[in-house]
S.K.: 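Take a look at the following structure, please.
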Protein chains: 2
Amino acid sequence: MTIETSNLHIRQFSKHEHLARAGDPQRVVYKVQEGWACRYSVIPDGRRQITAIFLPGDFCEPQWLLAGKAQLPIIAITPMTVTEIPLENIYGQPGKGVQDLLGAMLEAFNRQTDWIVSLGRKSAKARVRDFLLELHRRLKVSGHVSAHRCTIPLTQQDMADVLGLTAVHLNRVLMDLRKSGAISLRGKTLSLGHNEHVQTGPATSGAPHMSIQPAREPMLA
Amino acid sequence: MTIETSNLHIRQFSKHEHLARAGDPQRVVYKVQEGWACRYSVIPDGRRQITAIFLPGDFCEPQWLLAGKAQLPIIAITPMTVTEIPLENIYGQPGKGVQDLLGAMLEAFNRQTDWIVSLGRKSAKARVRDFLLELHRRLKVSGHVSAHRCTIPLTQQDMADVLGLTAVHLNRVLMDLRKSGAISLRGKTLSLGHNEHVQTGPATSGAPHMSIQPAREPMLA
DNA sequence: CGTTTAATTGAAAACCGTCAAAGTGCGTGG
DNA sequence: CCACGCACTTTGACGGTTTTCAATTAAACG
């Protein structure tokens, strides 16, 4: 359902509804207002790998501007509210709109690079810890978090599919982290002990407020 | 060393020389003419994860156009010849140059998504097989390959660092693949049995000749 | 409340890493 | 030309991590 509100198309998705399916032509990009979504692929044996998580404030997905279609399906993890950003209107004026999207694409790119490092070289425990800390960090930006506590609407199967683990093993790691103190996820509530903001790893995603840094002149000025 | 040849800056790198270091401002993007390079990160315990491989014909790295700097180091795997593409000259005219770079960035993005799936959900054997097949496929584009044979200048440690494995285990998988027939890497020579061109997996990287598919009008027309 | 979905636990096996050593190839210098 | 050094590959034995299969408990939802 689409509603026009002062030049802003608002749209809702219900839990487990697809925002896009593989190959769908996309003439809009979504900006998430409320709720979580993810991009995933399913391999032949039926297992799933989640390859991106979309939180409030995120664009979904910037690269649709370039590709004109969704390569992979996006599904809502919770009920969602999004605004639609039409791509047609953006071509003519290569200004702030395009710049924002390309900057967001760069962020997403760097986040993927970090996940390759995580999946390739970190233990299950470190992956889980870093993932939860990253979620907490990203949620801060949109104010969905108090100092040491936030809500994670993912099931353990969802997290396992992000982290390249089985749900059973993820569960064991979560228990382990609880006993180790510091990080505990009970139900949907994530609690961080103190001193959990320390640098745990992202090499590229960098500072919370990363933006485009042109070599000389701003691109597309 | 930089040589001017009809408006084309040619540059050489020797084996193991860095094309860029973490944080380096970049006012150019390279186009690889000869040789291989890779992007990597090193985690605190000293282990390395390679997050991109650059082959002849590839841009290294398109996202420098947006970021204006290298987030991660790039190192030459073999001696290399590259041409420099200055970014300043490209800003003014948002034409083919920018479009090529953004298209290449999209390809790199999709390739990273595929590697997340591979690292997260495939066995070591499938990862190695798919990686070697992908290299063969990519080398075809630049004609560095005969039908069922090509040269892979990577050491087994390099490949292990791409695939998130130890060099010892990678070696065992390679032996296993040789005995299983079909795929064998001996020295630097990769030989494919017949019928190894079948679809093994990439969900997003798509057809060899992927290009930007605008939703309506070409972006930056 | 009953039904469904998600979380938790246990035991066994498969997969992959670690450590240590030996073998191979290749270029450099004597 | 040969000997040496060096980097890379290969092998074995062992241990740890993660998966698999199966069952049970707890929580969420009508």
Side-chain angles (χ1 to χ4, degrees), chain A residues 14-16 36 38 43 45-50 75-79 118-132 151-180 183-191, chain B residues 14-16 36 38 43 45-50 75-79 118-129 131-132 151-180 183-190:
Chain A
S14 49
K15 187 174 175 177
H16 294 158
W36 291 33
C38 69
I43 64 176
D45 69 9
R47 284 179 302 162
R48 177 177 73 154
Q49 176 69 44
I50 290 175
I75 196 168
I77 291 169
T78 66
S118 208
L119 289 169
R121 288 297 182 222
K122 291 183 190 167
S123 68
K125 191 170 176 181
R127 288 211 293 280
V128 175
R129 175 174 47 78
D130 291 358
F131 176 60
L132 294 176
T151 298
I152 309 285
L154 303 171
T155 66
Q156 292 187 6
Q157 182 64 61
D158 290 335
M159 287 186 267
D161 288 347
V162 171
L163 296 165
L165 301 171
T166 59
V168 171
H169 192 61
L170 176 81
N171 180 271
R172 292 181 170 129
V173 171
L174 283 176
M175 304 247 166
D176 202 9
L177 284 173
R178 279 182 214 160
K179 275 178 226 154
S180 309
I183 297 184
S184 103
L185 182 60
R186 292 190 163 283
K188 302 294 176 222
T189 301
L190 172 66
S191 310
Chain B
S14 49
K15 189 174 173 174
H16 295 159
W36 291 34
C38 68
I43 65 175
D45 68 9
R47 285 179 302 163
R48 178 178 70 153
Q49 176 68 42
I50 290 176
I75 196 168
I77 290 169
T78 66
S118 207
L119 288 168
R121 287 299 182 220
K122 292 182 190 169
S123 68
K125 191 170 176 182
R127 288 212 293 281
V128 174
R129 174 174 47 78
F131 176 60
L132 293 175
T151 297
I152 309 285
L154 303 171
T155 66
Q156 292 188 6
Q157 181 64 63
D158 291 335
M159 287 185 269
D161 288 346
V162 170
L163 296 165
L165 301 171
T166 59
V168 171
H169 192 63
L170 176 81
N171 180 270
R172 291 184 169 126
V173 172
L174 284 176
M175 304 249 166
D176 200 10
L177 284 173
R178 280 181 211 158
K179 275 178 226 152
S180 309
I183 297 185
S184 104
L185 182 60
R186 292 189 163 283
K188 302 295 176 222
T189 301
L190 173 66

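Every chain is numbered from 1, with letters handed out A, B, ... down the list of sequences.
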S.K.: CD of Q157(A) versus P of dA7(C): gap in Å, rounded?
M.R.: 9 Å
S.K.: Indicate every side-chain donor-acceptor pair of residues 163-172 of chain B with a distance under 3.5 Å to a residue at least two apart or in another chain.
M.R.:
unit_1  : atom_1 : unit_2  : atom_2 : d
T166(B) : OG1    : H169(B) : N      : 3.2
N171(B) : ND2    : Q156(B) : OE1    : 2.8

S.K.: Give me the first and last nucleotide of DNA chain D, going 5' to 3', that has any atom under 4.0 Å from a heavy atom of chain A.
M.R.: dT18(D) to dC21(D)
S.K.: Starting at atom CD1 of I77(A), determine the distance to atom P of dA6(C), rounded to an integer number of angstrom.
M.R.: 13 Å
S.K.: In residues 162-171 of chain A, which ones come under 4.0 Å of DNA chain C, going by heavy atoms?
M.R.: V168(A), N171(A)
S.K.: Mind calculating the distance between NZ (K179(A)) and C1' (dT9(C)) to the nearest angstrom?
M.R.: 11 Å
S.K.: Remember a base hit wins even if backbone is also touched, and classify K125(A) as base, sugar-phosphate or nothing at under 4.0 Å, heavy atoms.
M.R.: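 No contact.
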S.K.: Find the distance between CG (L132(A)) and CE (M159(A)) and round it off to the nearest 0.5 Å.
M.R.: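 Between atom CG of L132(A) and atom CE of M159(A) there are 6.5 Å.
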S.K.: Whole-Å distance between dA14(C) P and D176(B) CG?
M.R.: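 In whole Å, dA14(C) P lies 15 Å from D176(B) CG.
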S.K.: Would you mind reading off the bend of the helix from dC1(C)-dG30(D) to dC15(C)-dG16(D) from its two end axes, five pairs each, to 10 degrees?
M.R.: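 Between the axes fitted at each end of the helix from dC1(C)-dG30(D) to dC15(C)-dG16(D) lies an angle of 30°.
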S.K.: Listing request: all salt bridge (Lys or Arg N to Asp or Glu O under 4.0 Å) pairs with a residue in residues 155-168 of chain B, at least two apart in sequence or in separate chains.
M.R.: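 For residues 155-168 of chain B: R121(A)-D161(B), R48(B)-D158(B), R48(B)-D161(B).
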S.K.: Rounded to whole angstrom units, what separation is found between the CG atom of D158(A) and the P atom of dT5(C)?
M.R.: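 From D158(A) CG to dT5(C) P: 14 Å.
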S.K.: For I77(A) and C38(A), work out which heavy atoms get closest and say how close.
M.R.: CD1-CB, 3.9 Å
S.K.: Let me confirm one number: the CZ-CD1 distance from R186(B) to I152(B), rounded to the nearest 0.5 Å.
M.R.: 15.5 Å
S.K.: Classify R127(A) by what it touches in the nucleic acid, base, sugar-phosphate, or nothing, heavy-atom distance under 4.0 Å.
M.R.: nothing
S.K.: How long is the line joining CZ of R47(B) and P of dG17(C), in whole Å?
M.R.: 9 Å
S.K.: Compare all side-chain heavy atoms of L177(B) with those of S184(B) and state whether any distance is below 4.5 angstrom.
M.R.: no
S.K.: Output the distance between atom CD1 (I43(B)) and atom NZ (K122(A)), rounded to the nearest 0.5 Å.
M.R.: 7.0 Å
S.K.: Just jot down the salt bridge (Lys or Arg N to Asp or Glu O under 4.0 Å) partners of K15(A), sequence neighbours excluded, or say none.
M.R.: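 Testing K15(A) for salt bridge (Lys or Arg N to Asp or Glu O under 4.0 Å), a comparison that skips the adjacent residues, returns none.
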S.K.: Side-chain donor or acceptor of R172(A) under 3.5 Å from a matching atom on the base of dG10(C)?
M.R.: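 In this structure, the two groups form a donor-acceptor pair.
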S.K.: Based on the rotation axes of five pairs at each end, what angle does the helix from dG17(C)-dC14(D) to dG30(C)-dC1(D) bend through, to 10°?
M.R.: 20°
S.K.: Under 4.0 Å between any heavy atoms, over every strand shown, what does R121(A) touch: base, sugar-phosphate, or nothing? Just pick one.
M.R.: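 If one applies the 4.0 Å heavy-atom cut-off, R121(A) turns out to touch nothing in the nucleic acid.
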S.K.: My understanding is that only residues two or more places apart in sequence, or in another chain, count here; which of them pass side chain to side chain donor-acceptor pair (under 3.5 Å) with R47(A)?
M.R.: D45(A)
S.K.: What is the minimum heavy-atom distance between I183(A) and R129(A), and which atoms define it?
M.R.: CD1-CG, 3.4 Å
S.K.: Can you name the side chain to side chain donor-acceptor pair (under 3.5 Å) partners of K188(A), sequence neighbours left out?
M.R.: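 K188(A) satisfies side chain to side chain donor-acceptor pair (under 3.5 Å) with no residue once adjacent residues are dropped.
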S.K.: Who passes side chain to side chain donor-acceptor pair (under 3.5 Å) against T78(A), sequence neighbours left out?
M.R.: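 In terms of side chain to side chain donor-acceptor pair (under 3.5 Å), with neighbours along the sequence ignored, T78(A) is linked to no residue.
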S.K.: Who are the side chain to side chain donor-acceptor pair (under 3.5 Å) partners of S14(A), not counting sequence neighbours?
M.R.: E17(A)
